[in-house]
Amino acid sequence: MTPETIAQLAEYLENAELNAQPVAQISRAHPDITEADGYAIQHEIRRRKTARGTQIIGFKAGLTSRAKMKQVGVETPSYGFLADYFADADGGEIERAKLIHPRVEPEIAFVLKKPLRGPGCHIGAVLAATDFVMPAMEIIDSRYENFKFDFPSVVADNSSSARFVLGGLARKVEDLDLRTLGMVLEHNGKPFSFGAGAAVLGHPALAVALVVNLLARRDEGLEAGNVILTGGITEAVACAAGDHVCLRMQGLGSVSARFV
Ligand code: 0L1
Ligand code: MG
């Protein structure tokens, strides 16, 4: 893709996000789009936001569990960036009208105390660089009609990143077995899905290493203080205005929010 096409598609997708209006999947008009094109568009969206003063506070891994891959029919993990205005408060309200067709998924979030750079980032480096982990709900919102996409299209669309809520307890990784850590996602007071940390690539720290090694292709890395969402442990639940979601995580308390 030419730089002009990348810039035009970045504007198209960012406007869809900012106006909460769904658009056609970009691979329809550009059937030869590659993964590299998808990331080039995502990076141009990130550049547009930072040029306006938005801070990038971390990254997300996407499609790191079988349940998530099955739900959207894409089998390759991806990453996206987290902008400052994506963060919503635990126990607070999420403005439904600013989103297109939001879904909520349960995740383990890592917060770093040291930078991480790849290539060659491994689980040990991630655990050594982690300050603490927390329960997180990611609110994904594909900018594509009917939440339908292929891999390059979802990569271009910042891996459907829209909002996230961190909450519950912050705990040190050495005090937890992140593989057997159990969780329940409740939707309107009823259990919706259940899982354990190992659903994410066998160990959620591997999702952080994956993001670091993918960022290394652009000579970028993660900074101390960054938050990294490691990907949905289970499938995501669609939410309407008035809906309440609560994630309970073993030994880590709970995080909740209401759509208004
Ligand atoms: O489901 C999607 O829209 C793809 C984005 C990644 C979601 C995740 O696994 O965290
Ligand atoms: Mg996610």
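When a ligand or atom number is given, it counts from 1 through the structure's own listing order.
The same ILVMFWY cluster, assembled from side-chain heavy atoms under 4.5 Å apart, contains both V111 and I228.
Outside the 6.0 Å centre-distance limit, the rings of F110 and F132 are not counted as a close aromatic pair.
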Problem set entry | Verdict with supporting geometry, E44 and I41, side chain to side chain contact (heavy atoms under 4.5 Å, CB included) | CA-CA 5 Å; E44 175 59 14; I41 295 163; 5.6 Å; no
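Between H101 and S142, some side-chain heavy-atom pair lies under the 4.5 Å cut-off.
Salt-bridge annotation for E235 and K70: absent, with no side-chain N of the basic residue lying under 4.0 Å from a carboxylate O of the acidic one. Look at R66 and E75 and you find a salt bridge, because one of the NZ, NE, NH1 or NH2 atoms lies within 4.0 Å of a carboxylate O, short of that distance. Between R48 and E14 there is a salt bridge, since at least one side-chain N of the basic residue sits less than 4.0 Å from a carboxylate O of the acidic one.
Ring orientation note: the planes of F147 and F149 are tilted relative to one another, at an angle of 30° to 60°.
Ordered by chain and number, E105 OE2, E107 OE2, E138 OE1 make up the set of protein N, O or S atoms under 2.8 Å of the Mg ion (ligand 2).
Each of M249, R248, Q250 was scored for a side chain to side chain contact (heavy atoms under 4.5 Å, CB included) with L252, with one residue passing: M249.
Residues lining ligand 1 at a heavy-atom distance below 4.0 Å are given as K60, A61, G62, L63, K68, V72, E105, E107, E138, I140, F147, F149, S159, S160, G231, G232, ordered by chain and residue number.
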